[in-house]
Amino acid sequence: MHVKKGDKVKVLSGNERGKSGKILKVFPGTQRAIVEGLNMIKRHTRPSQKNQQGGIVEREAPIHVSNLRLICPGCGKAVAVSRKRDAEGRVSRVCKSCGEAVG
Ligand SMILES: [Zn+2]
């Protein structure tokens, strides 16, 4: 995946198009990610031990990573990244716009 937990990303399409936020969690299996404060859905929950009232809880729903673009810490733009392997064989991501390594 081109994004990971802790990345700042911008949403390219869907209801949250144009907004940005931080990735809280990624789901490699489904190629989706939870972005803080975006794509909120209301869930109706039954009373449980944690939430004795039950009722409606708002939470983030996962967004498909193809709709997300990394915001480069170097140039501040929503960019595409390429992968580069260093001398020790570690793979890092590089901003295609400014060439900065983004980790
Ligand atoms: Zn950049």
Side-chain angles (χ1 to χ4, degrees):
M1 299 228 282
H2 65 288
V3 292
K4 60 185 183 185
K5 188 177 168 183
D7 280 349
K8 271 203 80 178
V9 293
K10 186 167 184 177
V11 182
L12 297 182
S13 63
N15 294 338
E16 305 285 20
R17 182 178 178 169
K19 294 188 190 167
S20 56
K22 197 175 90 180
I23 293 192
L24 299 180
K25 194 171 182 184
V26 292
F27 304 95
T30 53
Q31 296 284 297
R32 286 172 186 271
I34 299 274
V35 183
E36 189 172 33
L38 296 188
N39 208 26
M40 302 299 286
I41 51 163
K42 288 192 170 70
R43 282 187 69 136
H44 300 262
T45 56
R46 289 159 189 259
S48 66
Q49 288 211 320
K50 242 168 110 180
N51 179 358
Q52 301 199 342
Q53 292 262 291
I56 300 169
V57 177
E58 266 201 295
R59 55 175 295 182
E60 291 97 346
I63 300 173
H64 199 269
V65 295
S66 66
N67 293 329
L68 301 175
R69 273 235 168 142
L70 180 74
I71 296 176
C72 171
C75 62
K77 289 187 276 197
V79 297
V81 291
S82 57
R83 286 174 189 280
K84 214 166 93 179
R85 197 176 284 271
D86 69 14
E88 282 92 55
R90 283 186 300 240
V91 177
S92 63
R93 296 173 301 168
V94 176
C95 169
K96 279 189 177 173
S97 180
C98 68
E100 189 88 14
V102 282

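Read the numbers this way: they start at 1 and go in the same order the structure lists the ligands and their atoms.
Considering all non-hydrogen atoms of both residues, C72 and V102 come closest at SG-CG1, 4.1 Å. Heavy atoms only, all atoms of each residue included: H64 and T30 are closest at CD2-O, 3.8 Å.
Atom NZ of K77 and atom NZ of K96 lie 14.5 Å apart (nearest 0.5 Å). The structure places CZ of R32 at 8.5 Å from OG of S66, a figure rounded to the nearest 0.5 Å.
The Zn ion (ligand 1) has C72 SG, C75 SG, C95 SG, C98 SG as protein N, O or S atoms under 2.8 Å away.
Through direct or indirect side-chain contacts shorter than 4.5 Å among Ile, Leu, Val, Met, Phe, Trp and Tyr, I34 is connected to L24, F27.
More than 12 non-hydrogen atoms from other residues, nucleotides or ligands lie less than 6.0 angstrom from CD of E58.
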